[in-house]
Amino acid sequence: MISASSMSVLLVDDQTSIRSILRNTLSQIGFVQIAGVRNGLEALEHLKSNPVHLIISDFNMPDMDGLELLKAVRSNARTAKTGFIMLTGQASKDLVQQAIAEGVNNFLAKPFTASSLKSRIEAVFGPICSV
């Protein structure tokens, strides 16, 4: 079993409110190492000096969207194995299929609950404890 407090998470969403909700929900689950950025370009810059265990990214963002970020993460040897959950509102079937082809680990539909977020993370990493 993995401890949530030992894992680092990067939240990538252009909406401050969504990042805040995700941060608060992850904190409830037991995560403490949580960073947030507004788009894929900022995420790649962050990852250069701050490797993380998990990226939770929105699909639609300015400058670099979630799918482009996923491709960049998977193509870099340093980040290729990083867990990646795509946050979706109403993503088209085509976008979902592209994300699967690029190696996304899971999807999380908006709106979400702490339980649904935890279950998506556990589907990637196995059971997580909050201590």
Side-chain angles (χ1 to χ4, degrees):
M1 186 172 289
I2 298 171
S3 170
S5 63
S6 69
M7 297 179 65
S8 54
V9 183
L10 178 60
L11 309 176
V12 188
D13 197 303
D14 58 318
Q15 294 184 21
T16 304
S17 59
I18 297 295
R19 288 195 315 271
S20 179
I21 291 167
L22 278 165
R23 181 182 306 276
N24 291 340
T25 306
L26 287 165
S27 293
Q28 290 172 16
I29 297 169
F31 290 87
V32 292
Q33 300 174 61
I34 308 165
V37 296
R38 295 176 296 175
N39 59 55
L41 290 176
E42 289 181 11
L44 292 177
E45 189 62 33
H46 178 88
L47 290 169
K48 286 179 183 177
S49 56
N50 303 285
V52 298
H53 297 95
L54 174 64
I55 297 168
I56 301 175
S57 176
D58 191 23
F59 258 115
N60 300 312
M61 297 174 289
D63 300 322
M64 177 185 269
D65 66 25
L67 190 58
E68 292 168 328
L69 172 60
L70 174 61
K71 289 176 185 179
V73 166
R74 292 295 183 245
S75 68
N76 183 319
R78 281 187 56 237
T79 58
K81 300 293 184 188
T82 302
F84 201 113
I85 296 175
M86 194 70 76
L87 194 59
T88 64
Q90 293 181 311
S92 73
K93 187 176 180 180
D94 183 51
L95 280 178
V96 169
Q97 289 175 338
Q98 287 179 41
I100 291 169
E102 294 297 334
V104 73
N105 294 101
N106 214 327
F107 294 91
L108 178 65
K110 293 188 261 185
F112 55 86
T113 63
S115 176
S116 64
L117 176 57
K118 185 178 181 189
S119 71
R120 295 315 181 281
I121 295 170
E122 288 181 329
V124 177
F125 294 101
I128 293 177
C129 64
S130 55
V131 181

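Just so it is clear, the values below take in all heavy atoms, side chains as well, and ignore hydrogens, waters and symmetry mates.
With contacts defined as side-chain heavy-atom distances shorter than 4.5 Å, the pair L22/F112 qualifies. Side-chain contact between L70 and S57: absent, with no pair of heavy atoms (C-beta onward) separated by less than 4.5 Å. Using a 4.5 Å cut-off on side-chain heavy atoms (C-beta onward), E102 and F84 make no contact. Residues V73 and T79 have side chains in contact (heavy-atom distance under 4.5 Å, counting atoms from C-beta outward). Proximity of L44 to N76: side-chain heavy atoms (C-beta onward) are nowhere separated by under 4.5 Å.
Proximity of a side-chain donor or acceptor of R120 to a complementary backbone N or O of L108 within less than 3.5 Å is not detected. No donor-acceptor distance shorter than 3.5 angstrom exists from the side chain of S20 to the backbone of T16, with no hydrogens or angles considered. Within the 3.5 Å criterion, the main-chain N or O of S5 finds a donor-acceptor partner in the side chain of Q33. Here the side chain of Q97 pairs no donor or acceptor atom with the backbone of D94 at under 3.5 angstrom. No side-chain donor-acceptor contact under 3.5 Å links R78 to the backbone of P51. Looking only at distances, no side-chain donor or acceptor of N105 sits under 3.5 Å from a matching main-chain atom of I85. Listed for the T25 side chain is no donor-acceptor partner under 3.5 Å among the backbone atoms of A114.
Listed by first and then second residue, the salt bridge (Lys or Arg N to Asp or Glu O under 4.0 Å) pairs involving residues 16-25 amount to none (not counting sequence neighbours). Under the salt bridge (Lys or Arg N to Asp or Glu O under 4.0 Å) criterion, the residue pairs touching residues 35-63 are R38-E42, E45-K48, D58-K110, with sequence neighbours excluded.
Hydrophobic clustering (side-chain heavy atoms under 4.5 Å, transitive across Ile, Leu, Val, Met, Phe, Trp, Tyr) keeps V32 apart from I29.
Here L69 contributes atom CG and I55 contributes atom CD1; the two are 5.5 Å apart, rounded to the nearest 0.5 Å. Atom CG of N106 sits about 10.0 Å away from atom CG of L54, to the nearest 0.5 Å.
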Could you go through the side chain to side chain donor-acceptor pair (under 3.5 Å) check for S116 and T113 one step at a time? CA-CA 5 Å; S116 64; T113 63; 3.3 Å; yes

